[in-house]
Structure formats: structure tokens, C-alpha cells
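Only a predicted model underlies this, so the values are computations on that prediction, with no experimental measurement involved.
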Amino acid sequence: MPPTSGTIRSDSGPFAVTLDTASQVLSSLSPRTAPDFDFAPKRRNGITAGDYALGDIDIRFRAGGAWLDVSTAFHRATVKALPATGDVLAAADLTPTLPAGCPLHVERRWIVAADTLILRFIVTNRSTAAVDIGGLGFAMPFDNVLTGRTLEQAHALASFADPYVGRDAGYLQVTRLNGQGPALLVLPEPGTPFETWMPIADGKAADGGAALLKDRTKRELTFEGFYRWMVASKGFADREWRGAEQWNEPTGFTLAPGETRSFGLRLALAPDIRSIERRLAAAGRPVVVGIPGYVLPTDLPADLFVKAGQPVSRINVSPPGAITVDAAPPAGGWMRYRLTGRTWGRARVTLHHGDGSRQTVHYTVIKPAREVAGDLGRFLFTRQWYEDPADRFGRSPAIMSYDRERDAIITQEKRVWIAGLSDEGGAGAWLAAIMKQLDNPVAAEIAKFERFHVEVIERHLQVGDGPEREGVRKSLFWYDPAHAAEYDPAIDWTTWASWKPERARSVVRSFNYVHVAAAQWVLYRLARNRVGLVTAHDWRWYLDRAARTAIAMSRLAPEYVKFGQMEGDVFVAILADLRHAGLTAPADALEADMRKRADLWSTETFPFGSEMPWDSTGQEEVYAWMRHFGDHTKADLTREVILGYDPLIPHWGYNGSARRYWDFLFAGKTARIERQLHHYGSSLNALPLFDSYRRDPADIHLLRVAYGGLMGSLTNVDRDGFGACAFHSNPDMMRFDAYSGDYGMSFFGHAIATASYLVQHPEFGWIGFGGTVTETGGRVTIAPKDSARTRIFIAPVKLWLVLEAGRFAAATFDPGSGAVTLTLEARDAYTPVARLVIEGEGYHLTGARAPERGAHVVALGDDETLIRLARA
């Protein structure tokens with residue numbers, strides 16, 4: 001096809017494709033079903049040296065000496081066009097882009113098929129000696145560049161890519177920020193395994209020109225960076241990534257003299273995000289579905305459903321014995337395997353298909369969820385407990401940020417908030433500590449927390465009187481040059497992050513109010529629904545204080561209050577509890593404040609701003625208030641936007657892991673721009689998805705994504721109970737950060753949302769999320785194994801059961817009559833009665849008196865208690 005105006009174009013197949021004539025790399029990729037959208041990043045000055053594009057290839061090789069790197073993006077020369085016939089859109093010899101003397105000959109072809117666009121490379125060893133290939137990767141730059149765009153433009157024009165590094169069955173999915181279709185799928189041809197997802201670093205050469213293996217676009221808060229699909233990576237694993245445990249075993253290969261290898265990728269479209277798995281199956285790809293997900297508590301077996309054109313000949317687990325895999329009866333045309341976690345930590349399950357291909361599914365094994373919560377609490381209230389009466393910043397006693405590498409509390413940090421008990425990076429430790437008490441209270445831990453609240457929050461962190469009363473300070477730690485000798489001289493105190501006293505004492509940051517209000521709300525719940533656990537103040541004091549903290553946010557922090565807040569669901573809970581307690585005046589005042597914010601969001605196309613140029617923080621609260629005030633259209637839009645950056649992938653790290661890539665800069669020890677796995681956005685964004693699923697149980701995609709984020713939060717907790725802020729996904733680290741940082745916001749989401757779901761799947765039958773499921777005599781029982789065991793949803797009848805006090809041991813459902821029998825655990829010293837909230841049309845507790853504060857009160861005994869729910 002001859003070039004037109006400097007481009008090569010094709011409008012056949014599923015895409016409108018534009019290639020640059022000289023380099024034959026991709027400059028535009030628009031779905032024909034959405035012609036105004038483009039998956040390719042826009043280059044203002046065209047594609048020049050150091051600008052990666054789809055169609056570029058990087059190779060690390062050696063021929064008897066040291067590793068050498070070559071890249072077609074490094075030297076932009078006019079390629080040698082080859083004949084393009086039939087379905088071939090363009091073909092080229094890439095020799096002009098490679099250095100002189102390179103022993104490898106590389107050709108590239110673009111092929112337009114009926115439903116895919118194929119990118120194929122042919123690599124030949126043209127020398128007389130063998131060439132080892134230690135790295136071979138294809139650039140995957142899609143338009144995740146938010147720089148210079150408004151929120152509306154970013155949601156309309158940008159996209160995020162997420163990898164399933166499943167080797168021969170791997171794929172890349174590229175989804176639009178607005179959550180709308182179509183979604184782009186990048187699929188491997190035979191011999192092109194997806195081994196590693198490698199970032200393309202930014203940078204320039206000393207002379208300002210292109211730098212080898214780097215893209216010129218600067219990484220920053222508005223740009224995460226581009227990535228490459230790695231077929232082979234051993235040459236990097238042995239050098240730059242040494243000591244880091246990779247997702248797959250790093251491989252390389254050798255090309256004999258004259259030998260040729262072909263590699264290819266197919267680009268296809270799924271109509272929408274929910275149909276990605278169906279599109280994969282239609283393309284003949286092996287598809288796996290993990291139920292309930294890819295995080296395996298040792299007391300909660302999981303199922304792996306497999307649909308493939310070939311039988312599974314064998315299954316390997318690495319490390320050996322980490323997971324046991326047993327064949328189970330097939331379901332709905334899917335092969336089925338029962339997986340049981342045995343050994344704590346990451347594990348890889350490899351399926352060997354009958355055609356010789358290998359597929360890896362990535363799990364992590366954790367302790368039982370309830371044990372994880374217990375470990376977290378013990379670590380927080382012992383190792384992270386700080387007591388120093390001489391602390392001049394007023395931080396004692398407290399639960400402080402922690403450095404796991406040093407195994408020490410962080411008392412000084414140039415980002416002062418991390419050592420200052422506020423902002424996300426500093427409040428995270430004590431927020432996790434109190435949220436753990438919501439469903440897993442320990443009297444000694446609560447006593448310590450009340451000391452912290454009385455002696456630190458009430459006296460120092462939250463303003464007690466004057467015009468800024470109820471204001472929450474930005475940090476209790478600061479840098480004061482007048483006392484420079486008291487600070488660690490090894491720390492650089494000259495950066496913007498080393499706030500001076502006046503700035504640290506400011507109360508203008510709205511996000512800090514949510515953490516304090518959440519702590520006060522949990523103390524209210526414990527005082528109101530339990531006996532003898534809370535002693536410093538009564539329930540009314542804590543509820544009133546939580547309400548006043550929430551109301552003060554709008555008055556004292558107006559600049560940021562217009563944005564959705566992380567943990568903002570707690571404001572809805574505070575309002576509900578004020579109503580139940582008959583406290584009308586503060587309830588009306590709080591609701592009026594929140595309505596003003598919601599009215600503003602209703603006028604905005606995408607009301608998800610924050611102090612960051614784009615954020616995945618505020619969606620949770622925006623969704624909650626939109627539902628509360630009846631704006632279901634905007635709530636639904638919010639849900640779809642969440643799906644745009646919250647993927648469903650057969651990998652514990654990416655599954656349900658909401659997009660975040662900058663918070664290591666503000667709360668991590670290794671501070672850099674990097675895709676964070678299971679940062680707090682994962683569990684917080686699960687909240688709207690869970691709520692949406694309970695409204696529409698047919699949409700199981702929502703439940704699967706939400707559950708991935710919920711359980712991802714527990715993977716941050718190590719065997720001793722330390723909770724890390726997030727996982728470093730770049731292949732040079734591949735581990736959790738050493739700082740506790742903002743993990744508390746993650747555990748907030750987990751504690752608020754954790755539940756067990758009983759689901760009748762159209763293909764898989766009765767399945768459970770968060771609990772084990774058994775069928776006996778036509779009745780189905782779910783035994784909760786989640787960390788709280790206080791919430792159960794029975795999907796076929798949309799029945800949502802919540803215990804404000806007490807715990808579920810089991811729930812049995814009769815599909816014929818709709819009757820439900822609940823088994824409650826025995827009472828304990830602090831819980832003589834259970835408080836059961838029933839949300840389900842027509843359901844009532846047989847023989848019960850009228851609810852009290854919206855909940856049925858059930859006396860508990862020394863043994864389990866059975867109660868029955870009937871449907872009118």
C-alpha cells in the first residue's frame with residue numbers, strides 16, 4: 001500500500017491504523033467502533049529518536065563476550081521497505097535502525113486480518129557464531145500520558161495497560177480511563193510468551209539526545225511511564241534484577257548461525273471490559289478463572305476453572321508443595337481444580353496444555369484472614385507502639401510509622417508527615433490499629449489506643465479550642481532550623497517536604513480529617529455495641545466528636561473538601577449512626593455539608609479530582625454520596641470509571657489492584673514512580689464495586705474485581721504482622737516496601753468491606769467468596785472464613801446480613817423456600833448479645849421484637865445460637 005502524506009494507513013479490520021512512513025512504527029490505533037479514541041500516545045513533534053512506539057523492539061545479546069543492547073527506538077532511521085502483498089500492510093528490514101556490526105537481522109511485518117492486527121518480527125542470526133539472546137522485548141506504549149490534560153480530557157482520551165504475565169497464555173489488556181469499551185487486547189502468537197512486564201525508563205543521553213533503552217518522556221505525577229512485553233529476560237535478571245524474585249522463571253535462548261525465530265503479537269478488541277474473558281475464549285486463548293481469587297488463606301481452598309482447546313497434561317507448583325492442586329468435577333464446560341494453600345508466600349501454578357504451551361497463574365498464600373488481622377494488631381501495638389514522655393512534638397504515646405528494614409519506628413523523616421502521625425503516610429499506622437478493632441477487638445489494644453486518642457489526638461493532633469477548633473494538623477513532626485542539632489544530620493532537611501512548624505500545624509488538608517473521624521467512629525461503635533471495651537469516653541462523646549470532625553472539614557479545609565476523600569464512606573456511616581441515635585441536629589448539619597459537596601460533583605462530568613492531576617482516591621466517597629442522595633446515574637458512572645483502572649487478571653498482585661503509581665514518593669521508603677500493587681486504592685475502590693454487586697448480583701465481574709482488592713490488602717501483611725504500604729512491581733525489586741506508610745487506609749477498606757458471599761454462578765454452580773460452601777439435602781451452607789465474619793450476602797435473594805456485634809459461624813440457605821438459618825458464635829466477655837441488621841426484601845427474623853437502632857438484638861449463649869429468617 002503506497003504511503004499517503006507521510007503515512008501508511010489501513011481502515012480495514014477492527015482498527016483504523018496509521019504507521020509512520022519512514023520508521024513504519026505505529027502512530028495511531030483507533031477502534032473503528034470508537035473512531036474518536038486512539039490507543040496510541042500522541043507525539044507533538046512526531047516520532048523521533050528516543051520516542052518509543054508500538055513496533056519497536058529491544059534486544060540484549062552476546063556473541064562470546066559481554067551483553068550488548070540494541071533498540072530500534074534509539075536510532076530513528078528510514079527503514080528498508082519490503083514488498084507488502086496480500087494482508088500485509090507494511091513490511092521492513094530494520095537493519096538501518098541497528099548499529100553497524102550487529103549480528104542480528106530483524107524484519108517486521110504489520111498484517112491486517114479480519115478481526116486482529118498482527119505485529120510480527122523475524123530475527124535471524126546472520127553471523128557465523130552462535131548468539132545468545134538474554135533479553136527480547138516489544139515496546140507497548142499506549143496513551144497513559146496525562147500531562148497537559150484536564151480530568152475530562154484524561155478520562156475521554158487516556159488508557160491504562162495491565163499485564164497478565166502468563167507465559168504462552170499471557171496477554172495485555174488496555175482499558176480506557178472512563179471504563180467504556182472497547183478494550184484492547186494484545187495476544188501472543190506461538191513462540192512469544194509473556195514472561196515479564198518491564199518498564200521503559202525515562203532519560204536522555206549526556207548530550208541531550210536519545211538514551212539507549214529509555215524513552216524521552218519524563219516520568220512524573222502525570223505520566224507513569226511506558227512498558228515493554230518481554231519474551232526473554234534472563235540477561236536482565238542476572239544483572240540489573242539480581243536477587244529479585246520474578247513472576248516467571250527468566251529465560252533466554254541461543255540462535256545458531258543462520259537460525260531464524262519468529263515472534264508475533266495480535267491486537268484484538270473486546271466490546272467492553274466485562275467481555276474480555278469471553279473475547280479471549282473466542283480467540284482460542286486458554287482462559288482461567290480463579291474463584292474466589294488468587295489470594296489463598298490456608299483455611300479457605302479455592303477453585304481454578306480452566307477453559308482451553310487442549311487438555312491439561314500436567315500441573316507444576318513453584319515452590320514445590322506451596323499449593324496442593326487436586327482435580328475436581330468439571331462445571332459448565334470448564335475443567336476444575338481445587339487449590340489449597342500450604343506454604344506462606346508467593347507461588348506459581350503452571351498448567352501444561354496438550355499442545356505443549358505453558359500457562360502460569362500467580363497466587364500468594366497467606367495465613368487465615370482472621371489470623372492476619374490478629375498478627376497486624378499485635379505488631380502495631382507492640383513493635384509500632386511509641387512511648388517517650390520527653391518527645392517534644394507531642395507524639396507519645398502513639399502507634400507510629402515503621403521501617404521494616406531497620407525494624408525500628410520512624411521518629412525522623414525528611415517527609416515530616418511520615419513521622420508526624422498525620423497525612424496518609426503518618427496516620428496509616430494508627431488508622432490500621434483502630435480499624436483492626438472494628439471486628440476483631442482486643443481489650444488491651446483498645447486501652448492503648450484510647451490513651452493515644454486522649455493524650456495525642458485530643459491534646460495535639462486535633463485543635464481543642466479557638467477558631468480552628470476540631471481542625472486536624474498536617475503533622476506533629478516538623479523541621480525547626482532553630483533546633484537543628486536535634487535532627488539527624490544524615491537526613492537532607494532542605495526539601496519542600498521538611499515542613500517548618502507553621503506549615504506542619506496547618507489544618508487546611510481535608511484528607512487528614514477523615515482518618516480522625518474514622519477512629520472516633522470505631523470507638524463509638526465499640527462503646528455502643530460492646531460491653532467494657534471503651535472507657536475514656538462514652539459512646540455519645542465519640543459519635544458527637546466524629547460528627548464535629550466531619551463538619552469541621554468543610555469549614556477549615558475548603559480547598560480540598562471539594563474532592564472525594566479516601567475513607568469517605570465513614571462519613572455516610574457516621575450520618576446513619578447519628579440518625580439511629582436520634583441526634584437530629586448534628587445529623588442535619590453533617591448531611592447539609594455533604595449535600596453541598598455532592599451537588600458540586602453532580603455538575604462535573606468526572607468528579608474525581610484531588611491534589612494530584614488524576615487520582616483513584618475520591619471515587620469511593622463520590623460513589624457513596626451519589627447513592628445516598630439518589631444520583632444513581634453519577635454513581636453508575638463512578639463504578640464504570642473504577643473498572644477502567646481496576647483490572648480482573650489471573651494474578652494476585654494485579655487482580656483488583658487499583659491504579660496508583662506515585663505514592664511511594666510520599667509514603668514509601670523506596671521513593672520512585674512505579675506501578676504500586678495493592679496500594680490502599682485497591683480495597684477502597686472495592687467498596688463501590690461490592691455495593692454495586694449487591695444491587696445487581698448478576699454482574700459477577702464486580703464481585704470478582706472487588707474481592708481481589710479486598711484480599712490484596714491482606715497480602716501486605718507479613719508473617720509477623722507488619723503491614724507494608726504497597727508492593728514494588730518493577731522487576732528490579734518485586735517486593736513490598738519497607739515502610740508501613742499509608743497502609744492503614746488499605747486496612748480501612750478491608751475492615752469496612754470484608755464479608756462472605758454465597759453465589760449461584762450460571763456456569764460454576766454454588767460458589768463462595770470469603771467462605772467455604774457445602775450442599776446438603778438441597779440446602780446450601782456458607783461458613784465464613786473472612787477476617788471479620790460479621791457480614792454475609794446471599795446473592796440469589798439479595799439478602800445482606802450485618803452483625804454490629806457478634807460473629808457468624810454459618811448461614812444455610814434453602815433455595816426452594818428462601819428460608820435462611822444463621823448460626824452465631826458463642827458470646828464473649830464483651831459481647832453478650834448480637835446485633836443483626838437485615839437488608840433484604842421481605843425477610844424478617846422469626847419471633848423477634850422490633851429492631852433497636854435498626855438492628856435486631858439476639859441474646860448469645862455459651863454455645864452457638866441458631867436463628868431463622870423467613871421470607872414473606
**Request:** For the pair H453 and F449, name the ring-plane relationship: parallel under 30°, tilted 30 to 60°, perpendicular over 60°.
**Result:** tilted
**Message:** Can you confirm whether the side chains of H750 and S787 place a donor and an acceptor under 3.5 Å from each other?
**Reply:** yes
**Asked** Rounded to the nearest 0.5 Å, how far apart are OG of S756 and CG of L801?
**Response** 11.5 Å
**Complete:** Sorted by chain and number, sequence neighbours left out, side chain to side chain contact (heavy atoms under 4.5 Å, CB included) with E486 holds for R392, H483
**Message:** Quiz question: by atom type and distance under 3.5 Å, do the side chains of H515 and E424 form a donor-acceptor pair?
**Reply:** yes
**Message:** Assess, by modelled atom type and distance only, whether the side chains of Y757 and R694 contain a donor and an acceptor separated by less than 3.5 Å.
**Reply:** yes
**Request:** List in chain and number order the residues that pass salt bridge (charged side-chain N to carboxylate O under 4.0 Å, His left out) with R660, two or more places apart in sequence or in another chain; answer none if no residue qualifies.
**Result:** D615, D663
**Item:** Euclidean distance, L575 CG relative to H628 NE2, rounded to 0.5 Å
**Value:** 5.0 Å
**Asked** For F664, does its backbone N or O pair with a side-chain atom of K669 as donor and acceptor, under 3.5 Å?
**Response** no
**Message:** For the backbone of A658 and the side chain of S682, can you confirm whether one donor and one acceptor N or O come within less than 3.5 Å of each other?
**Reply:** yes
**Message:** Measuring from atom CG of L438 to atom CZ of R525, what distance do you get when rounded to the nearest 0.5 angstrom?
**Reply:** 7.0 Å
**Prompt:** Is the Lys NZ or Arg CZ of K500 less than 6.0 Å from the centre of W478's six-membered ring, within 45° of the axis?
**Reply:** no
**Prompt:** S475 and S422: side-chain donor and acceptor closer than 3.5 Å?
**Reply:** no
**Asked** Is the closest side-chain heavy-atom distance between L860 and T865 below 4.5 Å?
**Response** yes
**Prompt:** Do D588 and R579 sit within salt-bridge range, that is, some charged N less than 4.0 Å from a carboxylate O?
**Reply:** yes
**Request:** Could you go through the salt bridge (charged side-chain N to carboxylate O under 4.0 Å, His left out) check for E804 and R528 one step at a time?
**Result:** CA-CA 10 Å; E804 295 179 338; R528 187 67 151 147; over 6 Å; no
**Request:** Say whether Y402 and D407, considering side chains only, have a donor N or O and an acceptor N or O under 3.5 Å apart.
**Result:** yes
**Message:** Let's go through T617 and Q565 carefully: what are the C-alpha distance in whole Å and the side-chain angles of both, what is the deciding distance for side chain to side chain donor-acceptor pair (under 3.5 Å) to 0.1 Å, and is it a yes or a no?
**Reply:** CA-CA 7 Å; T617 286; Q565 313 286 295; over 6 Å; no
**Asked** Is a donor on one side and an acceptor on the other found under 3.5 Å between the side chain of R639 and the backbone of P688?
**Response** no
**Request:** Would you mind reporting whether R503 and K474 have side-chain heavy atoms less than 4.5 Å apart?
**Result:** yes
**Request:** Compute both the distance and the angle, then confirm whether R791 meets the cation-pi test with W800: under 6.0 Å from the six-membered ring centre, within 45 degrees of the axis.
**Result:** no
**Request:** Taking atom types as modelled, find out whether H580 and E852 have a side-chain donor-acceptor pair closer than 3.5 angstrom.
**Result:** no
**Complete:** Rounded to the nearest 0.5 Å, the CG atom of L421 sits from the CD1 atom of I457 at a distance of 8.5 Å
**Request:** Answer yes or no: is there an ion pair linking R597 with E621, defined by an N-O contact shorter than 4.0 Å?
**Result:** yes
**Asked** Does a donor on one side chain and an acceptor on the other come within less than 3.5 Å for H632 and R627?
**Response** yes
**Prompt:** What orientation do F666 and W417 show, parallel under 30°, tilted 30 to 60°, or perpendicular over 60°?
**Reply:** tilted
**Asked** Mind checking whether W493 and Y487 have parallel, tilted or perpendicular rings, split at 30° and 60°?
**Response** perpendicular
**Asked** Tell me, do R545 and Q520 make a side-chain contact under 4.5 Å, heavy atoms counted?
**Response** yes
**Request:** Return yes if a side-chain donor-acceptor contact under 3.5 Å exists between D691 and Y623, otherwise no.
**Result:** yes
**Item:** R415: partners by salt bridge (charged side-chain N to carboxylate O under 4.0 Å, His left out), with sequence neighbours left out
**Value:** E413
**Asked** Which residues satisfy the side chain to side chain contact (heavy atoms under 4.5 Å, CB included) test with T411, sequence neighbours excluded?
**Response** Y386, R395, I409
**Asked** Do you know the tightest heavy-atom contact between I418 and A667?
**Response** CD1-CA, 4.0 Å
**Prompt:** Has the side chain of R807 got a donor or acceptor atom that lies under 3.5 Å from a matching backbone atom of D439?
**Reply:** yes
**Item:** Within-4.5 Å side-chain heavy-atom neighbours: E611 and R509
**Value:** yes
**Prompt:** Does the R789 side chain pair with the main chain of D786, one donor and one acceptor, at a distance under 3.5 Å?
**Reply:** yes
**Item:** Side chain N685, main chain I642, donor-acceptor under 3.5 Å
**Value:** no
**Prompt:** Does some side-chain heavy atom of N529 sit less than 4.5 Å from a side-chain heavy atom of L526?
**Reply:** no
**Request:** Taking E567 for its side chain and G749 for its backbone only, find out whether a donor-acceptor pair lies under 3.5 Å.
**Result:** no
**Request:** Decide whether E458 and H537 meet the rule of one side-chain donor and one side-chain acceptor closer than 3.5 Å.
**Result:** yes
**Prompt:** Is the backbone N or O of L600 less than 3.5 Å from a side-chain atom of K596, with the two atoms forming a donor-acceptor pair by type?
**Reply:** no
**Prompt:** Checking E387 side chain against A398 main chain: does a donor-acceptor pair fall under 3.5 Å?
**Reply:** no
**Item:** Listed partners of R370 passing salt bridge (charged side-chain N to carboxylate O under 4.0 Å, His left out), at least two apart
**Value:** E825
**Request:** Just say parallel, tilted or perpendicular for the rings of W614 and W662, cut-offs at 30° and 60°.
**Result:** perpendicular
**Complete:** One should read off an interatomic distance between R548 CZ and I574 CD1, to the nearest 0.5 angstrom, of 12.5 Å
**Message:** Counting C-beta onward and ignoring hydrogens, is there a side-chain heavy-atom pair between L689 and Y707 closer than 4.5 Å?
**Reply:** no
**Prompt:** Do any N or O atoms from the side chain of D720 and from the backbone of F722 form a donor-acceptor pair under 3.5 angstrom?
**Reply:** no
**Under the salt bridge (charged side-chain N to carboxylate O under 4.0 Å, His left out) test, residues paired with E450 that sit two or more places apart** = none
**Message:** Under a 3.5 Å cutoff, is there a donor and acceptor pairing between the side chains of S602 and D599?
**Reply:** no
**Request:** Answer yes or no: are there more than 12 heavy-atom neighbours, outside F629 itself, under 6.0 Å from its atom CZ?
**Result:** yes
**Request:** Would you mind reporting whether F736 and N716 have side-chain heavy atoms less than 4.5 Å apart?
**Result:** yes
**Message:** Between Q462 and T549, do the side chains contain a donor N or O and an acceptor N or O under 3.5 Å apart?
**Reply:** yes
**Prompt:** Say you draw a straight line from OH of Y743 to CG of D737; how long is it, rounded to the nearest 0.5 Å?
**Reply:** 14.0 Å
**Asked** Is NZ or CZ of K448 both nearer than 6.0 Å to the six-membered ring centre of W385 and within 45° of the ring axis?
**Response** yes
**Request:** Begin from the C-alpha positions of Y542 and W521 and carry the test ring pair (Phe, Tyr, Trp, His ring centres under 6.0 Å) through to its verdict.
**Result:** CA-CA 7 Å; Y542 279 120; W521 174 74; over 10 Å; no
